[in-house]
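Comments concern the structure below.
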Protein chains: 2
Amino acid sequence: MIDVAREAGVALRTVSRVVNRDSTVGAELAERVNAAIAALDYRPDERARQLRLGTTGTLGAAVRQLSHVNPVLRAVERAARAADLMVLAASTDDDEQLERQVVESMCRRRFDGIILEPIGTDHGYLVPELAAGLSLVAVDRPVLGLDVDCVISDNEAGIRTAYAHLAAHGHERVVYVGDDERIYTAQQRATAFRDCVAGRGAPAEGTAYTGPIDPARIRAAVQAALDGPTPATAIITGNATISVEVLRCLGPDSAKVAIVGFDDSELATLLRPDLTVIAQDDAAIGGTAIDLLRARIADPSRPIHRVTVPVKLIPRGSGETAPS
Amino acid sequence: MIDVAREAGVALRTVSRVVNRDSTVGAELAERVNAAIAALDYRPDERARQLRLGTTGTLGAAVRQLSHVNPVLRAVERAARAADLMVLAASTDDDEQLERQVVESMCRRRFDGIILEPIGTDHGYLVPELAAGLSLVAVDRPVLGLDVDCVISDNEAGIRTAYAHLAAHGHERVVYVGDDERIYTAQQRATAFRDCVAGRGAPAEGTAYTGPIDPARIRAAVQAALDGPTPATAIITGNATISVEVLRCLGPDSAKVAIVGFDDSELATLLRPDLTVIAQDDAAIGGTAIDLLRARIADPSRPIHRVTVPVKLIPRGSGETAPS
DNA sequence: CGGTTACGGGATAACGTTATCCCATCCGGC
DNA sequence: GCCGGATGGGATAACGTTATCCCGTAACCG
């Protein structure tokens, strides 16, 4: 920077003014400085700038898997871009320890705020960070035990809607195939499903098949549901991956059972019949996540907001067949 | 840090020693310092550290879409983690200008290196960055016109293998449905396909349908290929998205035409028959990308390496049917 | 002609680290 | 009694920015 100032024959101060587009600098002088910058291949060091300024203009996104389809992350990026913030993302890989490493690393880098898809149940490591002024918004799941802004889908309403939809089409015996209930959303959805069944006066036990996403387990669950004395006529799945696995093991029989899948996905319209889904409002989730985060950065002492985003049933055929 | 030193009753220098796990510090003293760190909620500022050290321990990944399935990015993260490097990723959203913004932003942050999936043809903005010492590795496509390390799949061999595979199963009239040829990989694959057709002595024109990923265009291409006087009996697709679109518009007819898709994907085994694909070796691509990047960081003056990674045909049924 | 505004220079202090160059112990061993 | 290797203190200079405080010069306005 000193070299640039010398090259342009101006003061160091003026170079800084030009780089920061200060209005109190004349056009021709700015041009001279820019020429010097180009001539010397000067490129400002953001680290020093951030150190001096205190702020980074950067949001961190710690998500389960960067390289998987994640419409919420996409919406987050879009919203952040509109607010002229850079978002840098890293994967937590569904690993609690890795999540901690990633988040702490972002904290040391003094990111202005972090968007987190929390995993696991113990987020004690966040306490000192939050006390030190970390702005954090949880997405998809809350941070259990901690008062943190969060935005999650209305999982319960989604399951209720799906169940009512199937009931309205005459299905009496519906089963739920879902993810491991140690995962918050999976637990929410499974519980909501059991409540639906119990609400109709039917015994809830044995109707919700939950556990890890393992093809063999899911195949066993589907077979158990369909091969009993009173076989199920409809299935609600717990998320997009489960939907795929269920459809995979149903194969050509998939037309014989009604299916409503949680989470919309590209392949929902690839099948025959197309998959009826409970779709989350990804754009709303991502957008409000950024809104909440910016608001918290602006006013760290504001009250905690927990936003629930409605979901929507999209009928495409697989959920509108009558029981066979 | 000064406060921590005072609290622990040690010198500033010693706090730095403890934070950096310097071996010349006693165990009980380190414990005292750590207690002070905990008591005061001290957390080191990575920006200052990086400023002083010069290095960031961070790799940037500028990819087309963070939130889409990207096995290469996944492999990159894995390999970087093994090397104790943090990788922070951002989307370029298939937008040349956005790519530039993202990359320049990472440069200003002095990331140790950048992994880039380049878009477009004009990467002149990289020249001064490279001159200033940027370590860069291009993935999936080369940076045209610039001498930059890169690692790409053997697109040509992939297409040749697919074509030979179909020919071996008796297919004489094969068409290619691919992406916009302004995209490097799309151009490579389309050209390789035309060469295959010409190599058999058949007229190449009209056998390669390329253009943007637009359902209407793809539908038109498929219909044109199948409805002519000498209808095609086999289709090679240009990438995973195209495969989905082609299968979508073939619908139940998909069993009547042989298909080999470029890129493996989860849904390849969801269909009947399962999709035969040309699979890229994502782990190898990601791994060598990190290797190349680390080597370049270590020795910026080393010669440029351009690595081609072999692809593999995975027969699953859709590509092994005889012409009808 | 005095006063205000616009534009820019100059010097220096931060921001929070680490590194360097010493010095001061203490302790065991020859 | 002296040497040498651990272990730690103290002071200070960086790293590359921006901000502050003040001083110039012009030009412009009434």
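Letters A, B, ... are given to chains in the order of the sequence lines, protein chains preceding strands, and every chain is numbered from 1.
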Task: Separation of atom CG in Asp45(A) from atom P in dT17(C), rounded to whole Å - done: 17 Å

TODO: With the side chain counted from C-beta on, respond yes when Val72(A) and Gln280(A) share a heavy-atom pair under 4.5 Å apart, and no when they do not.
DONE: no

Open item on the list: I want to verify a distance call: between dT17(D), dG16(C), dG10(C), whose nearest atom is closest to the Ala48(A) side chain?
Closed with: dT17(D)

Open item on the list: Mind checking if Ile2(B) touches a base, just sugar-phosphate, or nothing, with heavy atoms under 4.0 Å?
Closed with: nothing

Task: Rounded distance (Å) that lies between atom C1' of dG16(D) and atom CG of Asp3(A) - done: 12 Å

For nucleotides 18-20 of chain C, list the nitrogen or oxygen atoms of the protein found under 3.5 Å from its nitrogen or oxygen atoms, one pair per line.
from	atom 1	to	atom 2	distance (Å)
dT18(C)	OP1	Asn20(B)	OD1	3.0
dT18(C)	OP1	Asn20(B)	ND2	3.1
dT18(C)	OP1	Arg49(B)	NH1	2.9
dT18(C)	OP2	Ser16(B)	OG	2.8
dT18(C)	O2	Arg52(B)	NH1	2.2
dA19(C)	O4'	Arg52(B)	NH1	3.3
dA19(C)	O4'	Arg52(B)	NH2	3.3
dT20(C)	O4	Arg13(B)	NE	3.0

Open item on the list: Could you tell me if Tyr125(A) and Gln101(A) have a donor-acceptor pair between their side chains, going purely by distance under 3.5 Å?
Closed with: no

Open item on the list: Please report the distance, rounded to the nearest Å, between CD1 in Ile37(B) and P in dG16(C).
Closed with: 16 Å

- [ ] Salt-bridge test for Glu117(B) and Arg141(B): reply yes if a basic N is under 4.0 Å from a carboxylate O, no otherwise.
- [x] no

Open item on the list: Is it the case that over 12 heavy atoms from other parts of the model lie below 6.0 angstrom from the CG atom of Asp84(A)?
Closed with: no

- [ ] Using a 4.0 Å heavy-atom cut-off across all strands, classify Arg43(B) as base, sugar-phosphate, or nothing.
- [x] sugar-phosphate

- [ ] Please report, rounded to the nearest Å, how far the P atom of dG16(D) is from the CZ atom of Arg110(B).
- [x] 8 Å

- [ ] Could you tell me the separation between the CD1 atom of Ile2(B) and the OH atom of Tyr42(B), rounded to the nearest 0.5 Å?
- [x] 10.5 Å

Task: Length of the CG-P vector between Leu51(B) and dT17(C), whole Å - done: 12 Å

TODO: Would you mind reading off the distance between Arg47(B) atom CZ and dA14(C) atom P, rounded to a whole angstrom?
DONE: 18 Å

Task: Nearest heavy atoms of Ser153(A) and Ile285(A), plus distance in Å - done: OG-CD1, 3.3 Å

